[in-house]
Participant: 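Would you mind keeping the following structure in view while I ask a few things?
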Amino acid sequence: MREEALAAIQGAATLDALGGVKTRYLGKNGLVTAQLKTLGSLAPDERRARGAEINALKAELEGAVAEREATLRQEALNAKLASEAIDVTLPGVKLPSGGLHVVTRILYELSDIFESMGYRVVEGREVEDETHNFDALNMPSWHPARDLQDTFWLENGQLLRTHTSNMQVRYMETHEPPLKIVVPGRVYRYEATDATHESMFHQFEGLVVGEGITMADLKGAISEMARAMFGRGARVRFQPSYYPFTEPGADFAIWWDQEQRWLELGGSGMVHPNVFRAVDDLRAAKGLPRVYEGKTGFAFGLGPNRIAMLRYGIPDIRYFYGNDLRFLTQFKGDLSNETPSELPPLPRDTLKETM
Ligand code: FA5
C-alpha cells in the first residue's frame with residue numbers, strides 16, 4: 001500500500017487529482033484510516049508495534065502529499081505567470097490623438113515672437129458693442145468706413161466684432177500707458193465667402209502706447225516679426241493706406257524670400273488722437289484718470305490665415321474652418337517641414353448674399 005500510495009501521490013498531475021489521492025488514503029474513510037481502525041482487535045503488544053508502523057506511514061504519506069501539493073502550486077503559478085506575461089519589447093498600440101489647428105499654431109508662434117519682444121498677450125470678447133468695435137475707434141455711425149466691415153448684428157443691439165481692434169479700446173480703458181500688447185482672436189464679417197474671404201476668420205492685433213513712439217518703432221516691430229516668422233532674409237514694405245483709427249495708416253507686406261514675392265499681411269498705423277480722446281472719455285465715465293491725451297502709439301492688425309496659406313501652399317481659406325479631418329490631420333507634426341500632401345474637396349459653396 002505504501003508503494004502504491006507514494007506512486008499515486010507522485011503521479012497526481014493536478015491539485016484536484018492530488019486531493020482525490022489524499023482522500024483515498026488519508027480521508028475519514030481512507031485506506032490508512034481503515035488500517036488504524038483495525039488496531040482495536042489486536043493484542044496490546046502487537047497493537048503498539050502495528051500502531052507505530054501505521055502512524056509512521058500516515059506521517060510519510062502526509063509529508064509526500066504536502067510536498068507534491070507545493071510542487072503543483074508552484075507549477076500552476078509558473079504557468080499562470082507565463083501565460084499572462086507582457087512582452088514589453090513589442091510595439092505599443094497607437095491611439096488616435098488630436099492636434100493643434102494650423103491657425104492656432106500660427107497664433108502661438110506669433111504670440112511667442114512678440115512675447116520675446118516684451119509684449120503681453122491679451123484675449124478679448126467676440127460679442128462686442130458698437131462703442132468698442134466702432135465709435136471709440138473714430139468710426140461713428142455715420143462714418144463711411146463702417147461699410148468696409150459688414151457686420152453681424154445681434155438682436156440685443158450688440159455685434160460680433162469685425163476686427164480685434166476692439167481690444168485696443170478695451171485694454172486702454174482699464175490699463176495705463178506705457179503698454180505693449182498683442183491680441184490673437186476670431187473676428188466675423190457678414191460677407192460673401194471666396195478663396196480668400198471667410199465670414200469668420202482670425203486676426204492678430206498689436207498695440208504699443210507710450211511717449212515718443214514713432215513710425216520707426218512700428219516698422220521695427222513688424223520687421224522683427226517678419227524675420228522671426230519668415231527667416232533672416234525677410235523684408236517689410238509699407239504702403240500708405242487709410243484706417244479711421246490711425247493717422248497715418250499703412251498696409252504692410254513682407255518679402256517672402258523663399259517664394260521671391262511680396263505678401264500683403266495686414267494694416268497698421270499710428271494711433272489716431274481721436275482714439276486716445278475717446279478712450280479717455282470712457283475712462284472718465286468710469287471715474288478713472290485721463291491718461292492718454294498727448295501719448296503716442298502704433299497699432300497693427302494682420303491675418304494669420306494668410307501666413308498659413310502662403311507657408312503651406314493652402315489654396316483656399318475655406319479649408320481652415322471646414323473641419324475636414326483629411327485637411328486638419330496634415331498639420332499635426334513638426335511645423336517647419338509640413339506641406340499638405342493631398343487636399344480634400346471643399347464643402348459645398350457657402351456663398352451668402354451681401355447686404
Ligand atoms: C482691419 O481689420 C484693421 N482692424 C487692421 C488694423 C489694425 C489697421 C490696427 C490699423 C491698425 P482689414 O479689414 O484690412 O483691417 O483686415 C486686416 C487683415 O485681416 C487683412 O489684411 C486680411 O489679412 C484679413 N482679412 C480681412 N477680411 C478677411 C476675410 N473676410 N477673410 C479672411 N481674412 C480677412
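Basis for what follows: all heavy atoms, side chains included, without hydrogens, waters or symmetry-related copies. Counting starts at 1 for both ligands and their atoms, following the listed order.
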Participant: Any N or O on Glu191 sitting closer than 3.5 Å to an N or O of ligand 1?
Facilitator: yes

Participant: Closer than 4.0 angstrom, basic N to acidic O: yes or no for Arg283 and Glu176?
Facilitator: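 A salt bridge links Arg283 with Glu176.
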
Participant: Considering both backbone and side-chain atoms of Gln203, is one of its nitrogen or oxygen atoms within less than 3.5 Å of a nitrogen or oxygen in ligand 1?
Facilitator: yes

Participant: Keeping the roles fixed (side chain from Arg306, backbone from Glu264), state whether a donor-acceptor pair exists under 3.5 Å.
Facilitator: yes

Participant: Nearest non-hydrogen contact with atom 14 (O) of ligand 1 belongs to which option: Phe298, Phe201, Tyr243, Tyr242?
Facilitator: Tyr243

Participant: Can you check which of Arg161, Met309, Arg189, Glu205 brings a heavy atom nearest to atom 2 (O) of ligand 1?
Facilitator: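 Closest candidate by heavy-atom distance is Arg189.
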
Participant: List in chain and number order the residues that pass side-chain hydrogen bond (donor to acceptor under 3.5 Å, both in side chains) with Arg47, two or more places apart in sequence or in another chain; answer none if no residue qualifies.
Facilitator: none

Participant: Can you list everything that forms a side-chain hydrogen bond (donor to acceptor under 3.5 Å, both in side chains) with Arg24? Sequence neighbours excluded, please.
Facilitator: none

Participant: Pick, from Gly301, Ser165, Gly303, the option with the minimum heavy-atom distance to atom 4 (N) of ligand 1.
Facilitator: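 Shortest heavy-atom distance from atom 4 (N) of ligand 1: Ser165.
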
Participant: Specify side chain, backbone, both or neither for Phe245, according to which of its non-hydrogen atoms lie closer than 4.0 Å to ligand 1.
Facilitator: side chain

Participant: Side chains of Ser165 and Tyr243: does their closest heavy-atom pair fall under 4.5 Å?
Facilitator: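 They are not in contact (no side-chain heavy atoms under 4.5 Å apart), so the answer is no.
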
Participant: Below the 3.5 angstrom mark, is there an N/O of Glu198, backbone or side chain, next to an N/O of ligand 1?
Facilitator: yes

Participant: Any atoms of ligand 1 less than 4.0 Å from a non-hydrogen atom of Thr246? List them with their elements.
Facilitator: 10 (C), 11 (C)

Participant: To check you understand the geometry: which heavy-atom pair defines the closest contact between Glu293 and Asp280, and what is its length?
Facilitator: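 Here Glu293 and Asp280 meet closest at N-OD2, 2.8 Å.
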
Participant: Mind checking whether Leu77 and Leu81 have side chains closer than 4.5 Å, heavy atoms only?
Facilitator: yes

Participant: Please state which part of His163 comes within less than 4.0 Å of ligand 1, counting heavy atoms only: side chain, backbone, both or neither.
Facilitator: side chain

